[in-house]
Amino acid sequence: MSLEDRLFQQRYDKLSEIERLGYERYPRKYAYTHTVGQIRESYDSADAATLEAQRPQVRICGRLMTKRRQGKAGFAHLKQGGLQLQIYIRRDEVSEKDFELYKKLDPGDIVGVSGRLFRTRTDELSVRAADVQFLSKGILPLPEKFHGLQDVETRCRRRYLDLFTNDCVRETFAARDRINRSIRDSFARRGYVEVETPMMQPVYGGALARPFVTHHNALDVDLYLRVAPELYLKRLVVGGLDRVYEINRNFRNEGLSKQHNPEFTMLEFYQAYSDYRDLMEFSKELLAETAQAVLDGGTTAEFGGRKIDFAGLNRLTLAETVVEYWPDAATRPTVDALGDIGKLRELAAVHNAQAESALDFSGAVSPGKALLELFEAACEPRIIQPTAVYDYPLEASPLSKRKPDNPDWVERFEIFCGGMEIANGYSELNDPQEQRARFEEQVVLREGGDGEAHGMDEDYLRALCYGMPPTAGEGIGMDRLTMILTNSPTIRDVILFPLLRPEGEIGIAERLRRAGREREAESGE
RNA sequence: GGGGCGGUAGCUCAGCAGGUAGAGCAACGGCCUUUUAAGCCGUGGGUCCUGGGUUCGAGUCCCAGCCGCCUCACCA
């Protein structure tokens with residue numbers, strides 16, 4: 001038998017030993033009087049003399065994280081809700097049964113302890129046990145107590161283990177919860193309605209991305225997991241929900257990276273009778289409010305060693321951004337020059353030489369598209385402070401309204417921060433005739449093999465034909481925003497169960513089967 | 001998909017000069033009634049990712065594959 005099997009068997013057998021002491025194997029409940037958090041909050045500042053005078057009685061429960069036996073006494077730390085409290089147990093102060101239980105407990109086991117609070121010689125707040133209850137068994141051993149669980153893959157696959165061993169994980173997800181709540185607050189204060197729209201859609205759209213496909217049996221139709229909720233939310237605007245938002249998952253059948261998970265959480269919102277400039281202003285407020293909710297009232301986050309201040313939002317046109325963030329002073333262009341494809345080709349050559357990239361504008365590329373590509377390659381990763389980059393070329397924006405004075409460009413912005421895109425918003429195209437034409441351009445692209453292009457969405461066109469008010473809409477990537485606000489270098493750090501290749505054979509069922517057989521054999525004797 | 005790095009005990013990691021595999025934690029036995037990465041004495045524990053190859057001999061060198069991490073590319 002391998003070591004791992006023996007550890008497993010050993011720990012499993014302890015359940016029976018504990019049962020023989022007179023405890024239930026998996027009891028129903030434990031009536032605790034305090035959470036560890038409540039005790040820490042109430043008594044962390046109480047000194048030893050105060051505790052001796054008050055002798056507060058508590059019943060607490062949690063997972064045993066460490067154990068230090070000392071002959072006829074011992075210590076242990078119980079962890080609950082991410083916080084620890086020490087317990088102290090003496091043979092002469094508990095029943096023989098309880099002390100035997102203490103001796104058999106392993107780190108990872110879950111117990112309840114009642115007793116009084118006191119401070120040890122080293123002034124640590126602790127519970128002096130009067131009674132110990134066994135509540136659940138950790139059959140598998142805990143990771144090493146000092147270094148914790150390090151392996152990235154194991155941390156994601158067994159997130160539960162990551163959560164109760166690495167405190168920062170719990171803190172990150174607590175922050176994520178605070179971000180969500182703050183955002184819902186911000187929207188509620190502004191009269192927005194939260195809705196849920198279909199995840200399974202017969203026609204996918206709202207973003208240029210490859211979808212996942214699934215099938216509904218009863219209707220015998222293929223459905224797409226949504227790449228964005230946009231077209232449904234705008235139907236709701238047609239329906240008179242002038243301020244509407246959704247926080248939910250999008251699914252894009254693309255690669256994995258530090259900034260990409262195939263399913264990710266998008267905040268998307270629409271505001272009727274407004275344009276993209278209004279949303280830039282609102283975004284500034286929303287980001288500031290959200291930052292304050294996680295950063296103890298401040299607006300400055302630290303991300304990857306840099307300070308990012310959400311108090312303000314820089315605003316630059318796409319062309320201005322390229323000038324501002326062009327990485328090479330000697331070849332820095334002017335805004336006017338960026339309208340010229342010849343100049344853009346020169347800049348691409350400069351960038352290709354410096355960054356080993358392969359931008360190629362030799363074909364029939366519009367200056368706008370070329371500028372956008374140049375921006376993404378050379379400038380986007382350099383934008384650290386929250387910056388709204390606005391006015392985008394028409395080609396890449398099939399749902400955005402054109403600029404009145406320049407029909408090759410649309411009223412669109414994206415917000416960049418910490419080198420990532422975190423938001424995308426625009427004045428919504430609400431002219432059904434033009435939308436039809438844009439969809440048809442997309443259909444041509446799709447038939448040419450572009451799996452990311454939109455299909456023709458006639459149901460959406462029909463909605464527009466009833467009349468959509470002038471509207472602006474925006475999406476914010478919640479995972480990326482959370483990364484920045486929690487100083488998490490990868491998206492995996494802010495998604496509890498990021499997509500991983502399925503694990504092969506685990507073999508735990510077989511181990512349990514074997515462990516259980518021994519027990520049956522025993523009880524059969 | 002390209003490149004780089006890695007996969008050794010349940011966990012964190014050494015070992016890479018080719019010569020039967022180590023430490024700490026965890027576990028097991030013993031001692032210990034204020035410890036806290038408790039301590040002390042003792043014990044057990046490995047498909048060194050897989051498969052080939054070179055060699056008298058491979059965790060170590062070579063090749064292929066699998067898996068992971070980083071990075072570039074793709075990616076709205």
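Residue numbers start from 1 in every chain, and the chains themselves are labelled A, B, ... in the order their sequence lines are given, proteins ahead of strands.
In terms of polar N and O atoms assigned as donor or acceptor, the side chain of Glu124(A) never comes within less than 3.5 Å of the base of U34(B) in a complementary pairing. Below the 3.5 angstrom threshold, one finds a donor paired with an acceptor across the side chain of Asp92(A) and the base of U33(B). The base of U34(B) sits within donor-acceptor range of the side chain of Arg128(A), with an N or O pair under 3.5 Å. Between the side chain of His260(A) and the base of C75(B) there is at least one donor-acceptor pair of N/O atoms closer than 3.5 Å.
As judged by a 4.0 angstrom heavy-atom cut-off over every strand, Tyr426(A) is placed among residues making no nucleic acid contact. Heavy atoms of Leu399(A) sit nowhere under 4.0 angstrom from any nucleic acid atom. Residue Thr66(A) is classed as having no contact, given no heavy-atom separation below 4.0 Å to the nucleic acid. In this structure, Gln70(A) reaches the bases: a heavy-atom distance under 4.0 Å links it to at least one base atom across the strands shown. When heavy atoms are screened at a 4.0 angstrom cut-off, Glu452(A) is found touching the sugar-phosphate backbone but no base atom.
Checked against G10(B), U34(B), U12(B), the side chain of Phe75(A) finds its nearest nucleotide in U34(B). In the set C28(B), A76(B), U34(B), the nucleotide with an atom closest to the side chain of Tyr88(A) is U34(B). Residue Gln10(A) places its side chain closer to C28(B) than to any other of C28(B), U33(B), C11(B). When distances are taken from the side chain of Asp106(A) to each of A76(B), U35(B), A27(B), the shortest belongs to A27(B). Picking from U12(B), A37(B), A76(B) the nucleotide with the shortest atom distance to the side chain of Arg252(A) gives A76(B). If you check C67(B), A26(B), A76(B) against the side chain of Glu414(A), the one that comes closest is A76(B). Among the nucleotides G44(B), C32(B), U34(B), the one closest to any side-chain atom of Arg69(A) is C32(B). Comparing C28(B), A37(B), U35(B) by their nearest atom to the side chain of Arg121(A) picks out U35(B). When distances are taken from the side chain of Lys72(A) to each of U33(B), A76(B), A26(B), the shortest belongs to U33(B). If you check G68(B), U35(B), A76(B) against the side chain of Arg501(A), the one that comes closest is G68(B).
Judged by Watson-Crick or G-U wobble contacts below 3.5 Å, the nucleotide G22(B) has C13(B) as its partner. The base-pairing partner of G42(B), taking Watson-Crick or G-U wobble contacts with both distances under 3.5 Å, is C28(B). The pairing partner recorded for U34(B) is none, the criterion being a Watson-Crick or G-U wobble arrangement whose two distances lie under 3.5 angstrom.
Summarising the geometry, the separation between CD on Glu153(A) and P on C49(B) is reported as 15 Å, rounded to the nearest angstrom. In this structure, Arg90(A) places its CZ atom 9 Å from C1' of U34(B), rounding to the nearest Å. For Asn166(A) and C11(B), the CG to P distance is 14 Å, given to the nearest whole Å. Rounding to whole angstrom units, CZ of residue Arg11(A) and P of C11(B) are separated by 13 Å. Spacing between atom NE2 of His351(A) and atom P of A73(B) amounts to 8 Å, rounded to whole angstrom units. In this structure, Glu268(A) atom CD and A76(B) atom C1' are separated by 12 Å, rounded to whole Å. When the C1' atom of C66(B) is taken as reference, atom CG of Leu500(A) falls 16 Å away, rounded to whole Å. Here the C1' atom of nucleotide G44(B) and the CZ atom of Arg6(A) are 5 Å apart, to the nearest Å.
Distance alone, capped at 3.5 Å, is enough to place a donor-acceptor pair between the Ser257(A) side chain and the Gln259(A) backbone. Tyr102(A) places no side-chain N or O within donor-acceptor distance of the main-chain N or O of Ala76(A), the cut-off being under 3.5 Å. A donor-acceptor pair under 3.5 Å is formed between the side chain of Lys79(A) and the backbone N or O of Phe164(A). Listed for the Glu268(A) side chain is a donor-acceptor partner under 3.5 Å among the backbone atoms of Glu230(A).
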| Step by step, would you call Gln86(A) with Arg68(A) a side chain to side chain donor-acceptor pair (under 3.5 Å)? | CA-CA 11 Å; Gln86(A) 182 171 257; Arg68(A) 294 174 294 284; 2.7 Å; yes
| task | Begin from the C-alpha positions of Phe118(A) and Tyr88(A) and carry the test side-chain contact (heavy atoms from CB on, under 4.5 Å) through to its verdict. | result | CA-CA 9 Å; Phe118(A) 77 113; Tyr88(A) 175 51; 3.5 Å; yes
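Distance noted for atom C1' between A73(B) and G4(B): 15 Å (whole Å). The separation of U35(B) from C28(B), taken at their P atoms, amounts to 23 Å, rounded to a whole angstrom. G1(B) sits 31 Å from U8(B) when the C1' atoms are compared, rounded to a whole Å. The gap from the P atom of C25(B) to that of U71(B) amounts to 35 Å, rounded to the nearest Å. Between the P atoms of C61(B) and A14(B), the separation comes to 15 Å (whole Å). For the C1' atoms, the distance from G18(B) to C48(B) is 15 Å, rounded to whole Å. One C1' atom belongs to G2(B), the other to G19(B), and the distance between them is 39 Å to the nearest Å.
Note on ring orientation: taking the six-membered ring where Trp is involved, the planes of Phe413(A) and Tyr276(A) are tilted (angle from 30° to 60°).
Around CZ of Phe282(A), the count of heavy atoms belonging to other residues, nucleotides or ligands within 6.0 Å exceeds 12.
Between C69(B) and Arg492(A), a contact under 4.0 Å exists linking OP1 or OP2 to a side-chain N or O. The phosphate of U71(B) has OP1 or OP2 within less than 4.0 Å of a side-chain N or O from Lys258(A). The phosphate of C25(B) has neither OP1 nor OP2 within less than 4.0 Å of any side-chain N or O from Lys67(A).
With RNA chain B read from its 5' end, the first of the two nearest nucleotides for Gln150(A) and Ala76(A) is the one closest to Gln150(A).
Test Arg412(A), Lys403(A), Lys401(A) against Ser427(A) for side chain to side chain contact (heavy atoms under 4.5 Å, CB included) and you get one pass: Lys401(A).
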